[in-house]
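Keep in mind that this is a model prediction, so the values were computed, not measured. Below, chains carry the letters A, B, ... as their sequence lines are ordered, and counting in each starts from 1.
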Protein chains: 2
Amino acid sequence: MGNNLYHADCPAIETLALIGGRWKVIILHVLSKHARRFGEINVRIPSISRKVLTEQLRELEADGLINRKQYKEHPQKVEYALTDFGKSLCPLLAYISAWKKNVEGNSSQDIIQLPD
Amino acid sequence: MGNNLYHADCPAIETLALIGGRWKVIILHVLSKHARRFGEINVRIPSISRKVLTEQLRELEADGLINRKQYKEHPQKVEYALTDFGKSLCPLLAYISAWKKNVEGNSSQDIIQLPD
DNA sequence: AAAAGTGGTAACCTTAAAGTAACTTATGGG
DNA sequence: CCCATAAGTTACTTTAAGGTTACCACTTTT
């Protein structure tokens with residue numbers, strides 16, 4: 001189980017390891033607009049459980065895509081925001097979306113236009 | 001379990017469903033150079049079992065990314081090739097790779113250059 | 001003092017993907 | 001007629017991701 005040599009140096013696969021999680025793209029999408037509190041994220045993605053949301057956030061944090069700020073306040077307040085590294089993913093996600101939309105619109109195999 | 005409303009219309013996630021499989025990016029990468037026989041693919045990706053390779057190829061075929069041509073020959077010969085639809089993914093994969101490489105090279109958050 | 005809001009954690013369960021190993025089918029060559 | 005080769009398939013097990021439910025810690029409001 002340790003000999004995925006092919007995996008080790010394939011940048012595309014390393015990238016997918018960062019964003020391939022079941023909910024990560026959605027979470028990144030939510031955070032791309034504003035920094036958000038835990039509960040705000042959860043409201044926007046109701047079908048994710050708090051446990052899994054926590055896990056995904058921890059992984060995104062460990063991978064340096066988001067950071068977590070804890071405020072000492074009345075009821076607890078924790079805010080998640082994209083790091084610069086995380087922001088650098090946004091055009092990539094846009095590109096991935098754009099490909100799918102292109103494919104749906106045209107019959108196939110057309111040239112993909114990058115969104116701006 | 002059926003109410004992933006958020007999933008349903010997120011193009012990025014739909015795209016990841018096509019290429020997010022454990023081995024799909026690697027397989028597409030192998031096929032991007034030549035059409036390849038089953039055994040040739042397996043030699044290039046030794047750590048994938050024949051069972052899983054078959055499954056992944058069937059899924060890629062069902063999604064219209066590759067096609068399978070069976071030749072009536074001496075020992076069996078089956079060849080897999082990218083469809084035009086599959087080829088339209090190549091720039092996307094290149095972009096994904098390029099992002100990772102950019103990130104490794106520079107300290108972070110730089111503008112990503114599309115490969116040509 | 002009790003309740004309520006926020007952001008969790010712990011213990012446990014389910015399921016889907018992946019892996020292993022042995023068997024199968026079709027074909028041509030010797 | 002038997003064997004080798006290519007391309008699988010079948011049956012079974014393992015693993016990892018995700019899900020459910022219940023509980024905890026801290027603070028403020030009533």
Side-chain angles (χ1 to χ4, degrees), chain A residues 1-8 10 13 16-27 30-31 34-63 66-81, chain B residues 1-8 10 13 16-27 30-31 34-63 66-81:
Chain A
M1 83 267 283
N3 56 343
N4 304 336
L5 299 171
Y6 218 116
H7 268 71
C10 177
I13 291 200
L16 291 179
L18 298 184
I19 62 172
R22 182 106 172 58
W23 300 100
K24 289 184 182 173
V25 166
I26 297 178
I27 294 170
V30 168
L31 296 180
H34 298 261
R36 290 286 185 198
R37 303 176 59 173
F38 185 89
E40 291 176 326
I41 301 171
N42 210 171
V43 162
R44 283 165 179 76
I45 318 174
S47 43
I48 190 173
S49 68
R50 279 176 307 166
K51 182 207 135 193
V52 173
L53 179 54
T54 303
E55 285 171 358
Q56 302 271 302
L57 289 170
R58 294 278 181 277
E59 288 178 24
L60 289 169
E61 198 190 356
D63 290 334
I66 65 175
N67 60 13
R68 178 180 186 278
K69 244 168 251 165
Q70 184 157 12
Y71 298 88
K72 265 248 154 177
E73 277 189 22
H74 331 67
Q76 243 186 103
K77 180 173 169 180
V78 176
E79 211 168 51
Y80 294 91
Chain B
M1 77 277 282
N3 55 343
N4 305 337
L5 299 170
Y6 219 117
H7 267 70
C10 178
I13 292 201
L16 290 179
L18 297 183
I19 63 171
R22 184 109 172 57
W23 299 100
K24 286 184 182 173
V25 166
I26 297 178
I27 294 169
V30 168
L31 295 181
H34 298 261
R36 290 287 185 198
R37 304 175 59 172
F38 185 90
E40 291 176 326
I41 300 170
N42 210 169
V43 161
R44 281 166 180 76
I45 317 174
S47 43
I48 190 174
S49 69
R50 279 174 305 167
K51 182 206 134 192
V52 174
L53 179 52
T54 303
E55 285 171 359
Q56 301 272 300
L57 289 169
R58 295 275 181 278
E59 288 178 23
L60 289 169
E61 198 190 357
D63 290 334
I66 64 174
N67 60 13
R68 178 181 185 277
K69 245 166 250 167
Q70 183 157 13
Y71 297 88
K72 266 249 152 177
E73 276 187 25
H74 333 69
Q76 246 187 98
K77 180 175 171 181
V78 176
E79 211 169 52
Y80 294 91

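For A/Ala81, the side-chain contact (heavy atoms from CB on, under 4.5 Å) partners two or more places apart in sequence, or in a different chain, are A/Ala35, A/Asn67. Partners of B/Glu40 by side-chain hydrogen bond (donor to acceptor under 3.5 Å, both in side chains), not counting sequence neighbours: none found. Under the rule for a side-chain contact (heavy atoms from CB on, under 4.5 Å), the partners of B/Arg50 that lie at least two apart in sequence or sit in another chain are B/Phe38, B/Asn42. Evaluation of the side-chain hydrogen bond (donor to acceptor under 3.5 Å, both in side chains) rule for B/Glu61 yields no partner, not counting sequence neighbours. By the side-chain contact (heavy atoms from CB on, under 4.5 Å) test, A/Lys51 is found to be paired with A/Ser49, A/Glu55, residues two or more places apart in sequence or in another chain being considered.
The CD-C1' distance, from A/Glu55 to D/dA16, rounds to 11 Å in whole Å. Atom CD in B/Glu59 sits about 8 Å away from atom P in C/dA18, given to the nearest Å. Put simply, CG on A/Leu57 is 14 Å from C1' on C/dT9, counting in whole angstrom units. C/dG7 atom C1' lies 8 Å from atom OH of A/Tyr80, rounded to whole Å. Summarising the geometry, the separation between CG on A/Asn42 and C1' on C/dG7 is reported as 10 Å, rounded to the nearest angstrom. The CD1-P distance, from A/Ile41 to C/dG7, rounds to 9 Å in whole Å. One interatomic measurement links the two molecules: CG of A/Leu60 to C1' of D/dA17, which rounds to 15 Å at whole-angstrom precision. In this structure, the CG atom of B/Leu53 is 13 Å from the C1' atom of C/dA18, given to the nearest Å.
Here the shortest heavy-atom pairing between A/Tyr80 and A/Ile66 reads CD2-CD1, 3.9 Å.
Within 4.0 Å of A/Tyr71, counting heavy atoms only, lies no atom of the nucleic acid at all. In this structure, B/Glu40 reaches neither bases nor backbone, as no heavy-atom distance under 4.0 Å exists between it and the strands shown. Across all strands, A/Gln56 comes closer than 4.0 Å only to sugar-phosphate atoms, never to a base (heavy-atom distances).
The side chain of A/Val52 has D/dG19 as its nearest neighbour among C/dT9, C/dA18, D/dG19. The listed nucleotides are C/dG8, D/dG18, C/dG19; the one nearest the side chain of B/Trp23 is C/dG19. Among the nucleotides D/dA7, C/dT20, C/dG7, the one closest to the side chain of B/Phe38 is D/dA7.
Residue A/Arg68 has a polar side-chain atom (N or O) positioned under 4.0 Å from OP1 or OP2 of C/dG8. Distances shorter than 4.0 Å separate some side-chain N or O of A/Arg58 from OP1 or OP2 on C/dT9. In terms of phosphate contacts, A/Arg37 brings no side-chain nitrogen or oxygen within less than 4.0 Å of OP1 or OP2 of C/dT6.
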- request: In sequence, state the C-alpha distance, the side-chain angles, and the governing distance for A/Ile27 and A/Leu53, and then conclude on side chain to side chain contact (heavy atoms under 4.5 Å, CB included).
  value: CA-CA 9 Å; A/Ile27 294 170; A/Leu53 179 54; 3.8 Å; yes
- prompt: side chain to side chain contact (heavy atoms under 4.5 Å, CB included) between A/Val30 and A/Arg36: does it pass, once the steps are laid out?
  reply: CA-CA 8 Å; A/Val30 168; A/Arg36 290 286 185 198; 4.1 Å; yes
Provide a list of protein-nucleic acid N or O atom pairs under 3.5 angstrom, restricted to nucleotides 21-30 of chain C.
unit_1, atom_1, unit_2, atom_2, d
C/dT27, OP1, B/Lys72, NZ, 2.3

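Of the two residues near DNA chain D, B/Glu79 and A/Ile48, the one whose nearest nucleotide lies more 5' is B/Glu79.
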